[in-house]
Amino acid sequence: MSADLAAFPDRDTVADKLAVLDDGEKAYLRLLLENAQQDENLLEGLDVCLNRAAAASFLNSLKLEKLGEWLGETAPVRLQIRLMETARSSQHAAYAAFRAGLTRSGGLEKAYPKA
């Protein structure tokens, strides 16, 4: 099967994988992070995941912090700014928890060191 025929995951599938984030999902998401063509699906899925968390009746901020920390440590340099933009796109506590984990990971500083 050629790479052109491979189906990209939709944003809901990516959001489900991000919400669970166990070892199987981490391996799947690492594969997505390796392919620059799937960046948009990954970021849209992250947005759906954060919106679902914001709309939920119970906010699991520790889980969102761990998601932010894992993505900050795992994501390639090309995504670090876009991840931070997503984290800053809302003032809701779900986004704040994700932003705290992303900041704690130091991914943005590793990708773009201070001069």
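Side-chain contact between Leu67 and Leu46 is present, with at least one heavy-atom pair separated by less than 4.5 Å. Residues Leu43 and Leu83 meet the side-chain proximity criterion, which asks for heavy atoms closer than 4.5 Å.
Across all their heavy atoms, Gly45 and Ala15 have their closest contact at O-CB, 3.3 Å. Of all non-hydrogen atoms in Ala97 and Glu65, the two that sit nearest each other are O-CG, 3.1 Å.
Atom NZ of Lys66 is separated from atom CZ of Phe98 by 15.5 Å, given to the nearest 0.5 angstrom. Considering CG of Leu71 and CG of Leu42, their distance stands at 6.5 Å, rounded to 0.5 Å. One distance of note links CG of Leu64 with CG of Leu18; it measures 10.5 Å at 0.5 Å rounding.
Within a 6.0 Å radius of NZ in Lys26, more than 12 heavy atoms belonging to other residues, nucleotides or ligands are found.
Hydrophobic clustering (ILVMFWY, side-chain heavy atoms < 4.5 Å, transitive): Ile81 and Val77 are in one cluster. No single ILVMFWY cluster, assembled from side-chain heavy atoms under 4.5 Å apart, contains both Tyr28 and Leu31.
Residues in residues 80-100 take part in these salt bridge (Lys or Arg N to Asp or Glu O under 4.0 Å) pairs, two or more places apart or across chains: Glu40-Arg82.
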Could you pull out all donor-acceptor pairs under 3.5 Å where a side-chain atom in residues 48-60 meets a protein atom, sequence neighbours excluded?
unit_1	atom_1	unit_2	atom_2	d
Asn51	OD1	Tyr95	OH	2.6
Asn51	ND2	Asp47	O	3.2
Arg52	NH1	Asp16	OD1	2.6
Arg52	NH2	Asp12	OD1	3.4
Asn60	OD1	Lys63	N	3.2

Distance-only check: which donor-acceptor pairs under 3.5 Å involve side-chain atoms of residues 108-115, not counting sequence neighbours?
none

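Judged as a salt bridge (charged side-chain N to carboxylate O under 4.0 Å, His left out), and not counting sequence neighbours, Asp10 has no contacts. Every side chain to side chain contact (heavy atoms under 4.5 Å, CB included) that Ala36 has, sequence neighbours left out, goes to Asp39, Arg78. Here Thr74 pairs with Trp70 under the side-chain hydrogen bond (donor to acceptor under 3.5 Å, both in side chains) rule; sequence neighbours left out. Every side-chain hydrogen bond (donor to acceptor under 3.5 Å, both in side chains) that Glu69 has, sequence neighbours left out, goes to Arg104.
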Next on the checklist: Let's go through Asn41 and Leu32 carefully: what are the C-alpha distance in whole Å and the side-chain angles of both, what is the deciding distance for side chain to side chain contact (heavy atoms under 4.5 Å, CB included) to 0.1 Å, and is it a yes or a no?
Outcome noted: CA-CA 9 Å; Asn41 289 338; Leu32 288 179; over 6 Å; no
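The backbone N or O of Gly72 lies less than 3.5 Å from a partner atom in the side chain of Gln80, making a donor-acceptor pair.
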